[in-house]
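Proteins get letters first, then strands, A, B, ... in listed order; numbering begins at 1 in each. Just so we're clear, the structure is a prediction, and the values are computed from it rather than from any experiment.
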Protein chains: 2
Amino acid sequence: MNTANKKRIPESTISRLNLYLREVLILNELKIPRISSADLGERTNLSDAQIRRDLNYFGSFGKTGSGYAVPELVKSLRKILGREEFWNIAVVGAGSLGSAFMKYSGFNKENLHLIAAFDNDPAKVGQKINNIPIHDIVQIRPVLQEKKIAICVITVPAQNSQAVVDEAVAAGIKCILNFAPVALTAPDDVIVRNVDLSGELEILTYFLVH
Amino acid sequence: MNTANKKRIPESTISRLNLYLREVLILNELKIPRISSADLGERTNLSDAQIRRDLNYFGSFGKTGSGYAVPELVKSLRKILGREEFWNIAVVGAGSLGSAFMKYSGFNKENLHLIAAFDNDPAKVGQKINNIPIHDIVQIRPVLQEKKIAICVITVPAQNSQAVVDEAVAAGIKCILNFAPVALTAPDDVIVRNVDLSGELEILTYFLVH
DNA sequence: AATTGTGAACCTCTTCACAGCT
DNA sequence: AGCTGTGAAGAGGTTCACAATT
């Protein structure tokens with residue numbers, strides 16, 4: 001009967017909640033009215049207990065005996081994941097990875113909007129990729145503020161990434177997704193998540209020899 | 001005094017070992033002869049105990065009182081991570097993310113070689129990106145075998161990724177890095193690692209509202 | 001009969017702390 | 001004196017298993 005819970009929530013729970021949201025969005029399209037934790041587990045390769053535990057960190061959304069109502073679960077998961085509001089996103093670094101982000105339209109729904117890019121290459125500044133304008137990096141602070149950007153995706157070379165973080169933080173950004181393979185420094189109230197793409201590839205050789 | 005250990009090794013340990021290798025390669029360039037777990041911890045934002053524990057899964061590489069000899073540590077880490085041999089890599093899907101991989105030369109050292117790509121678009125087949133030839137996807141099986149590819153990076157749309165896995169497995173591939181946001185099926189002796197790029201972005205909104 | 005919500009058990013990974021080595 | 005290697009404790013996350021509910 002609780003609707004919120006003080007217990008510390010594992011980060012892996014948040015990733016899974018996002019998977020659940022994807023799945024129930026599909027179920028909702030298919031007009032499937034309800035789903036049990038066991039069935040949702042089947043579809044996501046997770047255990048029923050894991051799913052119930054994850055959801056219960058945030059409340060009691062299910063009905064004993066009949067599972068979870070799909071439209072309500074969509075709503076609850078959107079609420080939990082902060083997907084009821086709109087969020088503007090900018091990519092810093094319009095190189096190959098930054099461009100890949102701009103060309104990928106998969107997240108230009110569900111209230112996420114990639115609307116600006118930055119680069120220091122004069123040949124790129126002023127151009128558009130997938131209709132997203134590339135601004136001069138020297139304009140980063142005013143443009144981030146003007147366009148009300150909430151999230152920065154950093155795809156610049158490692159040696160420039162800390163400087164970008166500093167500028168973004170100065171512009172009031174609270175959330176950064178970093179692809180440079182370096183440990184970045186930011187104030188405690190700024191969330192920095194790191195994705196190490198070449199690291200992901202590099203560790204595969206371990207599994208090949210073991 | 002042990003040189004190997006039966007205990008189960010956390011996957012996070014493997015990722016960290018890769019970070020240690022990067023770091024000691026830099027130290028080696030700088031001709032720094034030895035490093036303590038505390039100093040390496042400083043450089044990687046990890047605790048000294050964590051580093052000793054990680055290394056000790058694989059042996060006793062340090063010297064009591066003086067730390068770890070850098071050149072020996074480079075050698076040991078390369079050995080552990082399977083980086084003493086050469087490995088050929090192919091990218092399947094020469095879209096924006098696949099192209100980003102091809103253009104990124106950061107891992108074309110340390111014995112990893114991205115040497116082939118595949119796509120089903122006639123306009124791309126026969127072209128080269130960063131000198132890497134793009135083959136017709138229908139030729140995937142013979143080309144993977146001919147070129148002795150060990151690792152496949154899958155960057156095709158979600159709906160095609162399982163078919164690609166099946167082809168790769170049929171060609172004898174044992175190691176796959178998958179970027180499609182779907183749960184893939186493969187035999188137990190095939191390692192599939194998943195990276196969910198849009199998921200990484202999507203969960204950020206959670207942290208923004210909490 | 002079906003399925004949730006959850007305390008407790010379990011398992012995994014990290015940190016502590018120190019004996020022992022150089 | 002400095003630092004590793006590691007048993008033991010601690011923290012964190014997952015699974016079990018079942019009472020409670022519809």
Side-chain angles (χ1 to χ4, degrees), chain A residues 1-20 23-24 27 32-73 76-77 80 203 206, chain B residues 1-20 23-24 27 32-73 76-77 80 203 206:
Chain A
M1 285 299 147
N2 71 349
T3 51
N5 192 314
K6 274 98 233 236
K7 274 198 71 183
R8 226 191 125 280
I9 293 149
E11 203 165 298
S12 42
T13 288
I14 310 307
S15 299
R16 285 191 298 266
L17 290 175
N18 190 51
L19 297 182
Y20 306 155
E23 208 56 44
V24 292
L27 295 171
I32 294 169
R34 50 194 349 100
I35 184 127
S36 67
S37 57
D39 288 352
L40 189 53
E42 190 97 355
R43 290 174 151 265
T44 52
N45 279 324
L46 293 162
S47 75
D48 57 337
Q50 176 81 83
I51 288 171
R52 291 198 302 278
R53 175 73 66 197
D54 285 340
L55 293 172
N56 266 99
Y57 282 117
F58 296 92
S60 298
F61 306 112
K63 260 205 168 59
T64 309
S66 75
Y68 300 83
V70 170
E72 278 81 346
L73 194 51
S76 302
L77 286 168
I80 294 166
I203 63 172
Y206 170 84
Chain B
M1 282 298 146
N2 71 348
T3 50
N5 192 314
K6 276 98 234 237
K7 275 196 71 183
R8 225 189 127 282
I9 293 149
E11 203 164 298
S12 42
T13 288
I14 310 307
S15 297
R16 286 191 299 267
L17 290 174
N18 190 50
L19 298 182
Y20 307 155
E23 209 55 45
V24 294
L27 296 170
I32 294 169
R34 51 192 352 96
I35 184 127
S36 68
S37 58
D39 288 353
L40 189 53
E42 192 96 357
R43 291 173 150 266
T44 51
N45 280 324
L46 294 162
S47 74
D48 55 338
Q50 177 81 82
I51 289 172
R52 293 199 299 280
R53 175 73 63 197
D54 284 342
L55 293 172
N56 265 100
Y57 282 116
F58 296 94
S60 299
F61 306 113
K63 260 205 169 58
T64 310
S66 75
Y68 299 83
V70 170
E72 278 81 347
L73 194 50
S76 301
L77 286 168
I80 293 166
I203 63 172
Y206 170 84

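Distance CZ (A:Arg52) to P (D:dC18): 14 Å, rounded to an integer number of Å. The nearest whole Å value for the distance from the CG atom in A:Leu40 to the C1' atom in C:dA2 is 17 Å. Separating the CZ atom of B:Phe61 from the P atom of D:dT6 is a distance of 11 Å, rounded to the nearest angstrom. Between the CD1 atom of A:Ile51 and the C1' atom of C:dT3 there is a distance of 13 Å, rounded to whole Å. One atom, CG of B:Asn45, and another, P of C:dT15, lie 12 Å apart when rounded to the nearest Å. One atom, CG of B:Asp48, and another, P of D:dT6, lie 15 Å apart when rounded to the nearest Å. B:Leu46 places its CG atom 13 Å from the P atom of C:dC16, with the value rounded to the nearest Å. Between A:Leu55 atom CG and C:dT4 atom P the separation is 10 Å, expressed in whole Å.
The side chain to side chain contact (heavy atoms under 4.5 Å, CB included) test applied to A:Ser15 returns B:Ile203, not counting sequence neighbours. Every residue two or more places apart in sequence or in another chain that forms a side chain to side chain contact (heavy atoms under 4.5 Å, CB included) with B:Leu55 is listed here: B:Leu17, B:Tyr20, B:Ile51, B:Phe61, B:Tyr68, B:Leu73, B:Leu77. Every residue two or more places apart in sequence or in another chain was checked for a salt bridge (Lys or Arg N to Asp or Glu O under 4.0 Å) with A:Arg34, and none qualifies. Qualifying salt bridge (Lys or Arg N to Asp or Glu O under 4.0 Å) partners for A:Glu11, counting only residues two or more places apart in sequence or in other chains: A:Arg193. Under the rule for a side chain to side chain contact (heavy atoms under 4.5 Å, CB included), B:Pro33 has no partner lying at least two apart in sequence or in another chain.
Interatomic distance, B:Ser36 OG to B:Arg52 CZ, rounded to the nearest 0.5 Å: 9.0 Å.
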Item checked: Reading 5' to 3' through nucleotides 8-14 of chain C, protein heavy-atom contacts under 4.0 Å coded B for base, S for sugar-phosphate only, - for none -> B----SB
Check the interface with nucleotides 19-21 of chain D: list each N/O to N/O pair with the protein under 3.5 Å, or write none.
none

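Annotation for A:Tyr206 and B:Ile9: closest pair OH-CD1, 4.0 Å, computed over non-hydrogen atoms.
Mapped onto DNA chain D by nearest heavy atom, A:Ala49 and B:Ser36 fall at different nucleotides, with B:Ser36 at the one closer to the 5' end.
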Atom pairs and distances, donor-acceptor, side-chain atoms in residues 38-46 of chain A, under 3.5 Å, two or more places apart:
residue : atom : partner : partner atom : Å
A:Arg43 : NH1  : A:Glu23 : OE2          : 2.6
A:Thr44 : OG1  : A:Leu40 : O            : 2.7

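The side chain of A:Tyr68 contributes no N or O atom lying less than 4.0 Å from OP1 or OP2 of C:dA2. Between A:Ser66 and the phosphate of C:dT3, there is no side-chain N or O to OP1/OP2 separation shorter than 4.0 Å.
Screening residues 53-64 of chain B for salt bridge (charged side-chain N to carboxylate O under 4.0 Å, His left out) gives B:Arg16-B:Asp54 as the qualifying pairs, with residues at least two apart or on separate chains.
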